[in-house]
Amino acid sequence: MWFFRTGVVVLLLAAAGCGFRPMYGGAGDPEDVLGELSEIKVAVIADRSGQQMRNALMDLLTPRGVPATPRYLLEVDLDEVISEVAVERTGLATRANLSVEAQFKLVDNRSGVVVLSDRSFATSSYNLLDTAQFSTLTSENDARRRTIDRIAREIRTRLGVHFASDHAAVADSLR
């Protein structure tokens, strides 16, 4: 047991010594990552999946509401594909994959410059039930919700890393 405790202490000291900083650090710092994320307005995204993606991103980025004068605009384009993957000898599919790709760009509203452009991809599987179409539709919608949620969280993380690296670069240049 003492070996485990010693290992944890050594890891904590090593992390402190290498300049480790939490990405979503001090809420009191006006230049923190959370402050930057709260300055993002999510543009309207087409279709029902786009509405779900926009709502998920707004919940993750601006939980206190859209800023009155946002510094950034996040534009997202979604591409969704459903493919049947498990096919029985009779030719009926029993499983499907729902794949969603999101291409996104973050635009600085002051200058109009694209400060970050990237894409994210996720897939969820669901069962196809020949005798229960409602259950199949419910499974498909749940797979879509899981996939969109996963992509929205990944986009937030990538935006956070972008802002954290910008802040680290500014801090290093001041030293």
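In this chain, numbering begins with 1 at the start of the sequence shown. Just so you know, these numbers use all the heavy atoms, side chains as well, and skip hydrogens, waters and symmetry mates.
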* Asked: Looking at side-chain heavy atoms only, is the closest gap between Asn109 and Tyr72 below 4.5 Å?
  -> no
* With a 3.5 Å cut-off and no angle check, do the side chains of Gln51 and Arg54 form a donor-acceptor pair? -> no
* Validation row: Arg144, Arg48 side chains within 4.5 angstrom (heavy atoms) -> no
* Under 3.5 Å, is there a donor-acceptor pair between the side chain of Asp79 and the main chain of Ala102? -> no
* To do: Starting from the C-alpha separation in whole Å, work towards a yes-or-no answer on side-chain contact (heavy atoms from CB on, under 4.5 Å) for Ile151 and Phe104.
  => CA-CA 11 Å; Ile151 291 173; Phe104 63 95; over 6 Å; no
* Asked: Between Leu78 and Asp47, does a side-chain contact (heavy atoms from CB on, under 4.5 Å) hold up when you go through it step by step?
  -> CA-CA 9 Å; Leu78 293 179; Asp47 299 325; over 6 Å; no
* **Ion pair check, Arg150 and Glu154, cut-off under 4.0 Å** => no
* To do: Would you indicate whether the side-chain heavy atoms of Ile82 and Glu140 approach each other to under 4.5 Å?
  => yes
* Asked: Do Ser125 and Asn97 have side-chain atoms, one donor and one acceptor, less than 3.5 Å apart?
  -> yes
* Asked: Any side-chain heavy atom of Ile40 sitting closer than 4.5 Å to one from Leu73?
  -> no
* Give a yes or no on whether Leu74 and Phe121 share a hydrophobic cluster (residues Ile, Leu, Val, Met, Phe, Trp, Tyr; joining criterion: side-chain heavy atoms under 4.5 Å apart). => no
* Report the C-alpha separation of Asn127 and Arg95 in whole Å, then their side-chain angles, then the decisive distance to 0.1 Å, and conclude whether the side-chain contact (heavy atoms from CB on, under 4.5 Å) test is met. => CA-CA 5 Å; Asn127 290 328; Arg95 193 108 172 115; 2.7 Å; yes
* What is the distance from atom CD of Gln52 to atom CG of Asn55, rounded to the nearest 0.5 Å? -> 8.0 Å
* Hphob cluster co-occupancy, Val115 + Val33, side-chain heavy atoms under 4.5 angstrom -> yes
* Asked: Can you tell me if Asp108 uses its side chain to pair, donor with acceptor, with the backbone of Arg110 under 3.5 Å?
  -> yes
* Yes or no on side-chain contact (heavy atoms from CB on, under 4.5 Å) for Thr147 and Thr123, after CA distance, side-chain angles and deciding distance? -> CA-CA 6 Å; Thr147 304; Thr123 299; over 6 Å; no
* **Heavy-atom side-chain proximity of Ile45 to Asp77 below 4.5 angstrom** => no
* Same cluster for Leu106 and Met53 if Ile/Leu/Val/Met/Phe/Trp/Tyr side chains link at under 4.5 Å? -> yes
* Do the side chains of Leu116 and Lys105 get nearer than 4.5 Å, heavy atoms only? -> no
* Treating Ile, Leu, Val, Met, Phe, Trp and Tyr as nodes and any side-chain heavy-atom pair under 4.5 angstrom as an edge, say whether Val161 and Val114 lie in one connected cluster. => no
* **Arg145 with Asp149: basic N within carboxylate O range, under 4.0 Å** => no
* Asked: Are Tyr126 and Leu137 connected in the hydrophobic side-chain network, where two residues link if heavy atoms are under 4.5 Å apart?
  -> no
* Ignoring hydrogens and angles, state whether a donor on the side chain of Thr62 or Ser38 is under 3.5 Å from an acceptor on the partner side chain. => no
* Under a 4.0 Å N-O cut-off, is there an ion pair linking Glu101 with Arg119? -> yes
* Taking C-beta and beyond as the side chain, do Leu98 and Glu80 meet within less than 4.5 Å on heavy atoms? -> yes
* Asked: Between OG of Ser117 and CD of Gln103, what distance do you get to the nearest 0.5 Å?
  -> 7.5 Å
* Asked: Going from CZ on Arg156 to CG on Leu57, what distance comes out if it is rounded to the nearest 0.5 angstrom?
  -> 10.0 Å
